[in-house]
Student: 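Starting off with a structure, shown below.
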2 protein chains.
Amino acid sequence: MNQAEILNALIADNLVSDPKGARGRLLKEAARLFRDKGYERTTVRDLAAAVGIQSGSLFHHFRTKEEILKAVMVETIHLNTALLKTAVERAQTGVARLRALIRAELESINGQTGEAMAVLVYEWRSLSETSQAEVLKLRAIYEQVWLDVLAALKAEGQLLADPFVVRRMLTGALSWTITWYRPEGGGLSLDGLTDQVMAMMAFPR
Amino acid sequence: MNQAEILNALIADNLVSDPKGARGRLLKEAARLFRDKGYERTTVRDLAAAVGIQSGSLFHHFRTKEEILKAVMVETIHLNTALLKTAVERAQTGVARLRALIRAELESINGQTGEAMAVLVYEWRSLSETSQAEVLKLRAIYEQVWLDVLAALKAEGQLLADPFVVRRMLTGALSWTITWYRPEGGGLSLDGLTDQVMAMMAFPR
DNA sequence: GTTTACAAACCAAGCGCTTGCTTGGTATGT
DNA sequence: ACATACCAAGCAAGCGCTTGGTTTGTAAAC
């Protein structure tokens, strides 16, 4: 299963909107705007203009503005959980699995789904408490993939620190890359960046 | 120089507002509200109510709402740069200096100035570009303290990764603690948390 | 192969409310 | 006497969302 096949499977299961459809296009533009300007500073008029419709017409697809934010988050988690799982399944050793997770999350954040991932991390407060609980359930599945790998590494003695703490540190460190990492222009590649994270944790290449 | 003395020196130099004065109290409440609800969701009426005045009266102290945000950020940087410098000066070895920096930043984020530090990190987008440039200049001084210590560690061979990348990773990891770390209730202490960060980088205790 | 039916997608207009900020005036301390 | 700190009232603009009606796509009925 490559990336495109995973995406298509999720679209078929109605877990992710087809980016060619009206709803999918709107969510993509919403993710971009929410990341660039923040949820609060993005108006429904901005969102509508980005897909070329009137602001009122948005509410034919979504009941509220917040529902758009939630949809961006939910679909992003579905997609990235699937991507993360296949990435980790391919690796053979504990260290290789950690590397695969770091590489996959960096790709989520700085690749195609980057806008939506940034929204997921930094616009959390703008969700209602009900929606937060809903999204949190989905996130837990994603997090468990990480925790399993880190716990195994700890048991092997390759990790000195607590798996839960390490995961949280890596969450912050990796998501923060969106504020400074710019792959274009011949700088650090995604693989190079992954190497750096591993080296910071004193895992030699 | 202890923490209180540093604060008093900065107040005397007019770099930080006295928290007992009207302006200082307002900035403290503003930091709390901006962190809890976000800058955009916090109204000038919220800010005024928090210090017990009318919303219009705010504009006697600050010309715009954004100026309040900028003041929170600028004063926080001034204070924490001073705290960081004294922390690093006390340590003797390279590893000890790194530990002192981590410990000091964790204290900034999770201690007294935590609200303001969170605002500094997560409300950046809400600043006008002019203000961003201004605040960035001050941040550069703070960052240089970190980079000097990390570069020395790299030269000693105790650090495998690039100092700039490590600093950015740590910025993300440490600031992210505000979203999950809760010292109260007998969990991890600030020293314990610092140990965990060092252990993640494979520095034994 | 045209007509009819009907839902999905969208527009044009605007309502009610909240927002940041202004204005003109009044206490208060020195 | 004069500046500092505040209040009471409200304005103009922008906000999320609603409403009533029109277009468009699709597919069965004739």
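Just so we're on the same page: letters track the sequence lines, and every chain starts at 1.
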Student: Heavy atoms only, 4.0 Å cut-off, all strands: where does S55(B) land among base, sugar-phosphate and nothing?
Tutor: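 The answer is base, as S55(B) lies within the cut-off (heavy atoms under 4.0 Å) of a base atom.
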
Student: Counting only side-chain N and O atoms of H61(A), is one of them less than 4.0 Å from OP1 or OP2 of dA8(C)?
Tutor: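 So the side-chain polar atoms of H61(A) never come under 4.0 Å of the phosphate oxygens OP1 or OP2 of dA8(C).
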
Student: What is the distance from CD of E67(B) to P of dG20(C), rounded to the nearest Å?
Tutor: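 Distance check: E67(B) CD to dG20(C) P gives 15 Å.
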
Student: Any side-chain N or O of H60(A) below 4.0 angstrom from OP1/OP2 of dC10(C)?
Tutor: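 No, because none of the side-chain N or O atoms of H60(A) sits under 4.0 Å from OP1 or OP2 of dC10(C).
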
Student: Hey, does the side-chain of R45(B) have a donor or acceptor N/O within less than 3.5 Å of a partner on the base of dG20(C)?
Tutor: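 Counting by modelled atom types and ignoring angles, a donor-acceptor contact under 3.5 Å is found here.
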
Student: Would you call R32(B) and E29(B) a salt bridge, using N to O less than 4.0 angstrom?
Tutor: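 Salt bridge between R32(B) and E29(B), a charged N being under 4.0 Å from a carboxylate O: yes.
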
Student: Output the rounded distance in Å from CD (E66(B)) to P (dT19(C)).
Tutor: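 It works out to 19 Å between those atoms.
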
Student: Whole angstroms only, please: what is the CD-P distance between Q54(B) and dT19(C)?
Tutor: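 The distance from CD of Q54(B) to P of dT19(C) comes to 15 Å, rounded to the nearest Å.
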
Student: Between atom CZ in R23(B) and atom P in dT4(D), what is the gap in whole Å?
Tutor: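 Roughly 14 Å, once rounded to whole Å.
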
Student: Where each residue is assigned the nucleotide of DNA chain D containing its nearest heavy atom, which of R41(A) and A22(B) is assigned the position nearer the 5′ end?
Tutor: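 Mapping each residue to its closest nucleotide by heavy atoms, the 5'-most match is A22(B).
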
Student: To the nearest 0.5 Å, tell me how far Y122(A) OH sits from W176(A) CH2.
Tutor: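 Atom-to-atom, Y122(A):OH and W176(A):CH2 are 5.5 Å apart.
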
Student: Between E123(B) and K65(B), does at least one N-O distance fall below 4.0 Å, as a salt bridge requires?
Tutor: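 Here E123(B) does not pair with K65(B) in a salt bridge, since their nearest N and O are not under 4.0 Å apart.
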
Student: Rounding to a whole Å, what distance do you find between L58(B):CG and dA8(D):C1'?
Tutor: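 Value for this atom pair: 15 Å.
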
Student: Grab the CD1-P distance between I53(B) and dT4(D) for me, whole Å please.
Tutor: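 In whole Å, dT4(D) P and I53(B) CD1 are 16 Å from each other.
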
Student: Considering just the side-chain nitrogens and oxygens of S57(B), establish if one lies under 4.0 Å of OP1 or OP2 belonging to dA5(D).
Tutor: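 No.
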
Student: With a 4.0 Å cut-off on N to O distance, would you call R99(B) and D195(B) a salt bridge?
Tutor: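 Yes, this pair counts.
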
Student: State the NZ-CD distance between K28(B) and E115(B), to the nearest 0.5 angstrom.
Tutor: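 Reported value, rounded in 0.5 Å steps: 5.0 Å.
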
Student: What's T43(A) touching, base or sugar-phosphate or nothing? Going by heavy atoms closer than 4.0 Å.
Tutor: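 Touches sugar-phosphate only.
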
Student: Rounding to an integer number of Å, can you tell me how far L33(B) CG sits from dG20(C) P?
Tutor: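 It works out to 12 Å between those atoms.
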
Student: To the nearest angstrom, how far is F59(B) atom CZ from dA5(D) atom P?
Tutor: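 That distance rounds to 16 Å.
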
